[in-house]
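One structure below.
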2 protein chains.
Amino acid sequence: MQTIEQLLESKDIRVTAMRLLIYKFLAQKQVAVTLSDIENAFEKADRTTLYRTVKTFEEKAIVHQIDDGTGITKYALCEKGCNCEIETDLHLHFHCNNCNETVCLTEHKIPQIKVPNGFISEDINLVVKGICDKCSGQ
Amino acid sequence: MQTIEQLLESKDIRVTAMRLLIYKFLAQKQVAVTLSDIENAFEKADRTTLYRTVKTFEEKAIVHQIDDGTGITKYALCEKGCNCEIETDLHLHFHCNNCNETVCLTEHKIPQIKVPNGFISEDINLVVKGICDKCSGQ
DNA sequence: CAATAAATGCACTTCCATTGCACTTATTTT
DNA sequence: AAAATAAGTGCAATGGAAGTGCATTTATTG
């Protein structure tokens, strides 16, 4: 069992109170969050700090960025073994049109996509939109 | 053979000089264009007019919107028979990281995506990023 | 403890999307 | 055909989110 401190250190990220808080916030969330979500959760902290913290996490592959088509960038913690950079490891994201939340469907890998001759695929973004389990249940 | 005028009228869109020009511009383009692209092509026209024209086209299923992850909304003409609303008819988009252009790969349909129980899929956005045929050729 | 580097906070800028309102142009009604 | 109405266009302004420069604080290193 690795502590958050150890995780950050293993990625060459200095441990600060702010970063621990933001990490915990992301860990506790079951859905992808926007910068504004984080901002609202930490009203005392400056937006820039939150922004740069998330960017740092992103660079060090602690979180991955999600473009779910709402026009607002969202972030979610990478799962253990999540290699977001590796094309073959990409998972898909589900955006609920009802509650407006976006979740990672980590267990659902993106199927092989064929592209025409001459095209070289490097990265794939797949977002399914619809109604999530929470909203469809009722 | 249907004229542009007839097409617009069939969709309950009034024919104006501006709309014809914008339609022709989109038709001649082989790639998805941003609002700024259109703006640059019609410097005499106001940005708002272009914006609203494209929005009108979008509502009436003459163009479809593309979110290729660049953060800037792009638009492309729907092909004949393109039913962007129908999930099963969705095609994928390819964004070139080199020339920054986005093209519709209309002939490449999106494979069936499985989502977990309780999730209802209504729409799918799939963007493949990499190098396009023009840029990989050299 | 001093020197250095990184982290944080504040202010500001930029870019794109969008809207309100006035004005013009087209369409419909009398 | 003129008046009334509706739609289209242009100008100005707003809002939201992303990003940057710089000063200040906090942590790290010698």
Side-chain angles (χ1 to χ4, degrees), chain A residues 4-26 32-60 62-76 95 100 102 125, chain B residues 4-5 7-25 32-60 62-76 95 100 102 125:
Chain A
I4 303 176
E5 284 88 342
Q6 287 169 341
L7 170 65
L8 294 184
E9 278 166 3
S10 75
K11 304 249 185 182
D12 279 318
I13 302 174
R14 287 200 190 161
V15 177
T16 69
M18 204 68 253
R19 284 172 178 171
L20 287 174
L21 284 172
I22 295 175
Y23 186 96
K24 282 174 192 160
F25 175 74
L26 290 168
V33 299
T34 66
L35 197 58
S36 298
D37 291 336
I38 305 177
E39 215 181 331
N40 293 334
F42 300 97
E43 300 206 334
K44 325 106 198 184
D46 186 76
R47 225 181 58 80
T48 313
T49 303
L50 305 173
Y51 173 75
R52 288 201 254 240
T53 300
V54 172
K55 285 291 167 196
T56 302
F57 283 1
E58 198 190 339
E59 280 165 20
K60 300 302 172 81
I62 286 182
V63 307
H64 60 270
Q65 192 171 328
I66 302 167
D67 174 12
D68 64 4
T70 56
I72 303 164
T73 306
K74 297 189 178 176
Y75 303 91
H95 176 75
N100 208 36
T102 299
N125 183 36
Chain B
I4 304 174
E5 284 88 343
L7 171 64
L8 294 185
E9 278 167 3
S10 76
K11 303 253 186 179
D12 279 319
I13 303 174
R14 286 200 191 162
V15 177
T16 69
M18 204 67 252
R19 285 172 178 172
L20 288 174
L21 284 172
I22 295 175
Y23 187 95
K24 281 174 193 162
F25 175 75
V33 299
T34 66
L35 196 58
S36 297
D37 291 335
I38 306 177
E39 215 180 335
N40 293 334
F42 301 97
E43 300 206 333
K44 324 105 199 185
D46 187 76
R47 190 188 159 75
T48 314
T49 304
L50 305 173
Y51 173 75
R52 288 201 254 240
T53 300
V54 171
K55 284 292 168 198
T56 302
F57 283 1
E58 197 190 340
E59 279 165 20
K60 300 303 171 81
I62 286 182
V63 307
H64 60 271
Q65 193 171 329
I66 302 167
D67 174 11
D68 63 5
T70 55
I72 303 164
T73 307
K74 297 188 179 178
Y75 303 92
H95 176 75
N100 208 35
T102 300
N125 183 37

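- Distance Ile13(B) CD1 to dA7(D) P: 14 Å, rounded to the nearest Å.
- When heavy atoms are screened at a 4.0 angstrom cut-off, Thr73(B) is found touching the sugar-phosphate backbone but no base atom.
- Shortest non-hydrogen contact noted between Ala32(B) and Ile66(B) is CB-CD1, 3.6 Å.
- At a non-hydrogen distance threshold of 4.0 Å, Arg47(B), Thr48(B), Tyr51(B), Arg52(B) from residues 40-54 of chain B come into contact with DNA chain C.
- Distance check, rounded to the nearest 0.5 Å: CD1 of Ile13(B) to OG1 of Thr53(B) gives 9.5 Å.
- In this entry the distance linking CG of Leu21(B) with C1' of dG8(D) reads 14 Å, nearest Å.
- Here Phe42(A) and Phe25(A) bring their ring centres to under 6.0 angstrom of each other.
- Separation of atoms CD1 (Ile38(B)) and CG (Leu21(B)) is listed at 12.0 Å; rounding is to 0.5 Å.
- Taking every nucleotide of DNA chain C with any atom under 4.0 Å from a non-hydrogen atom of chain B, the first and last of them, 5' to 3', are dC16(C) to dT27(C).
- Among all heavy-atom pairs drawn from Arg14(B) and Arg19(B), the shortest one is O-NH1, 3.0 Å.
- The minimum heavy-atom distance linking Val54(B) with Val63(B) is given by the pair O-CG2, 3.8 Å.
- Under the 4.5 Å side-chain criterion, counting only non-hydrogen atoms from C-beta, Gln65(B) is in contact with Lys55(B).
- Here the side chain of Thr34(A) pairs a donor or acceptor atom with the backbone of Asp37(A) at under 3.5 angstrom.
- Here the closest heavy-atom approach between residue Asp67(A) and residue Gly69(B) is recorded as OD2-CA, 3.2 Å.
- The CG atom of Asp37(A) sits 15 Å away from the P atom of dG16(D) (whole-angstrom rounding).
- Across all non-hydrogen atoms, the minimal contact from Leu50(A) to Glu39(A) is CD1-CA, 3.6 Å.
- Across all their heavy atoms, Lys74(A) and Thr70(A) have their closest contact at CE-OG1, 4.2 Å.
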Within the sub-3.5 Å range, which N or O atoms of nucleotides 24-30 of chain D have a protein N or O partner, and how far apart are they?
none

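- To the nearest angstrom, P of dA18(D) lies 10 Å from CD1 of Ile38(A).
- In this structure, CG of Asp67(A) is placed 14 Å from P of dA17(D), rounded to the nearest angstrom.
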